[in-house]
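Presented below is the structure to which this report refers.
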Amino acid sequence: MTSTAPFGARLDDVVVRFGKNRRMLPDGTLVKDEASTALDGATVVIRPGTITGVLGRNGAGKTTMLSLLAAFTRPTSGTVVVGPEGAEEDPWENPWITSGTQLVRESGDLMNDEKVSTSLSYYADMRPDWSTETAGRLLDLFEVDVRKKPSALSRGKRSAVGATVGLAARAPLTIFDEVYLGMDAPTRYAFYDELLADYAEHPRTVLLSSHLVEEVERLFEDVIVIDRGRVLLAEPADEMRARGFSLTGSKDAVERLLAGRRVLHRQQLGTTVQVTLEGALEDDELAAARAAGVEVGAVPVQDLFVRLTDPRGVPS
Ligand SMILES: Nc1ncnc2c1ncn2[C@@H]1O[C@H](COP(=O)(O)OP(=O)(O)OP(=O)(O)O)[C@@H](O)[C@H]1O
């Protein structure tokens, strides 16, 4: 256990706009930059003591949301609270909350001009539940030489240091924002295994954003999908998986089972058709599908995510 109960979090109608700055052009003209809206009325609850996947297409607002929780950014409007259940507080300039929140970004947030060991000592001092034993073991596993400066490490090794910081900190709210970048497949899988094992022994709240959905979806208990600054869905991963199913079989047999259903995706190979549909089959429909030689399958979270956030909408 960490010494503090896992943190939950809540965003209520949060808007974040960037860049309404005035700028002087070389000819002396004053221009006002277009504001860009990163979050546009985002409302979500993050359950304490879960591993939650944060999914969204490029520019959807994931990093902005995670930065709000770690008090790296402030909302333009709306409220953000973080903390143990029933004692959540605004994280902004709130040392009690921020000392319990570890955000790991792609950059690893290491001191560039110092040895990696210096950054690790800094995190060890800052995080009340820091595990020196875990840090040492993971650095050995990832084969990181902590006597080097971050600039002398490969991108994958820098990410591995970030992953190590995130796990060794044992923070009640631990956030990994695309921490896998640059890591090769064996290192990423080692990280996922370590995350699950450490989480089982030391329950806390983990948020994980990743574009490698197929790889990480097995870790998720909850999933948040962000689409163009809004929360499209936030629910247990099993509920998300139950949002759809696939049918594979001959075109005619599959077509007969489509009636009235929303088709999320369709592909055809010769006379065989595979469709992804929203909802679930009733028992009699399932029996009819089997009798017609149509295979009924689950849909990976990756596919549902891609279809549900398709900017062209879903085919009718
Ligand atoms: N500091 C900033 N200044 C101006 N615009 C910003 C800033 N940070 C983010 N944005 C804009 O806000 C939107 C959301 O960005 P954000 O980084 O949160 O998305 P993301 O879902 O993490 O994307 P990606 O998957 O590509 O990393 C984007 O349009 C981005 O250009």
Side-chain angles (χ1 to χ4, degrees), residues 18 36 38-39 51-70 72-73 101-120 122-123 127 134-135 137-146 148-169 171 173-199 204-220 223-227 229 300-302 305-306 309:
F18 289 109
S36 104
L39 289 179
I51 300 184
T52 297
V54 180
L55 309 179
R57 291 176 175 248
N58 289 131
K62 302 180 295 298
T63 294
T64 306
M65 177 182 284
L66 300 176
S67 305
L68 285 169
L69 299 173
F72 283 34
T73 308
T101 305
Q102 178 68 56
L103 170 64
V104 179
R105 300 186 283 189
E106 184 220 332
S107 61
D109 290 309
L110 304 171
M111 294 170 212
N112 281 328
D113 298 329
E114 307 284 347
K115 291 177 191 162
V116 169
S117 55
T118 308
S119 295
L120 292 169
Y122 163 79
Y123 284 113
R127 299 293 170 217
T134 302
R137 195 173 51 74
L138 293 177
L139 293 165
D140 281 349
L141 176 73
F142 297 136
E143 297 177 340
V144 176
D145 182 350
V146 296
K148 290 185 173 173
K149 290 183 179 172
S151 56
L153 296 180
S154 68
R155 190 180 181 204
K157 295 285 181 203
R158 279 199 300 274
S159 292
V161 177
T164 300
V165 169
L167 291 177
L173 176 59
T174 302
I175 307 174
F176 294 104
D177 187 9
E178 298 192 48
V179 69
Y180 58 85
L181 289 173
M183 287 183 186
D184 57 22
T187 310
R188 292 199 303 275
Y189 281 92
F191 165 59
Y192 305 146
D193 289 346
E194 291 292 334
L195 170 61
L196 278 182
D198 208 62
Y199 169 75
R204 61 245 218 209
T205 307
V206 177
L207 287 168
L208 187 78
S209 90
S210 174
H211 289 288
L212 304 177
V213 184
E214 274 176 352
E215 260 183 40
V216 292
E217 69 153 285
R218 71 187 166 97
L219 308 176
F220 300 159
V223 178
I224 297 172
V225 177
I226 305 178
D227 191 36
V301 166
Q302 160 94 335
F305 157 68
V306 169
T309 59

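The basis for the numbers below is simple: all heavy atoms, side chains too, and nothing from hydrogens, waters or symmetry mates. All residue numbers refer to positions in the sequence shown, counting from 1.
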Taking [X] for the side chain and [Y] for the main chain, is one N or O donor matched with an acceptor at less than 3.5 Å?
X	Y	result
K157	A152	no
Y180	H211	yes
R158	P150	yes
R155	G182	no
S159	M183	no
R188	E215	no

Run the salt bridge (charged side-chain N to carboxylate O under 4.0 Å, His left out) test against E178 and tell me which residues pass, sequence neighbours left out.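 Salt bridge (charged side-chain N to carboxylate O under 4.0 Å, His left out) list for E178, sorted by chain: empty.
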Cut-off 3.5 Å, side chains only: do T309 and D227 have a donor facing an acceptor?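 No, no side-chain donor-acceptor contact under 3.5 Å.
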Would you find more than 12 non-hydrogen atoms of other residues, nucleotides or ligands less than 6.0 Å from D113 atom CG?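 Open.
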Flag if over 12 foreign heavy atoms under 6.0 Å of CZ, F72: yes
Would a line drawn from the ring center of F191 to the ring center of F176 be shorter than 6.0 Å? yes
Can you give me the closest heavy-atom contact between [X] and [Y], atom names plus distance?
X	Y	answer
L141	E194	CD2-OE2, 3.7 Å
Y123	D109	OH-O, 2.8 Å
G166	R204	O-NH2, 4.0 Å
K62	L55	CD-C, 3.7 Å

Under 4.5 Å between any side-chain heavy atoms of T205 and T174, yes or no? no
Within-4.5 Å side-chain heavy-atom neighbours: L208 and V54: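 When only atoms from C-beta onward are counted, V54 and L208 do not touch, as no gap falls below 4.5 Å.
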Start with the C-alpha distance between K149 and E114, add both sets of side-chain angles, then the distance that settles salt bridge (charged side-chain N to carboxylate O under 4.0 Å, His left out), and finish with yes or no. CA-CA 6 Å; K149 290 183 179 172; E114 307 284 347; over 6 Å; no
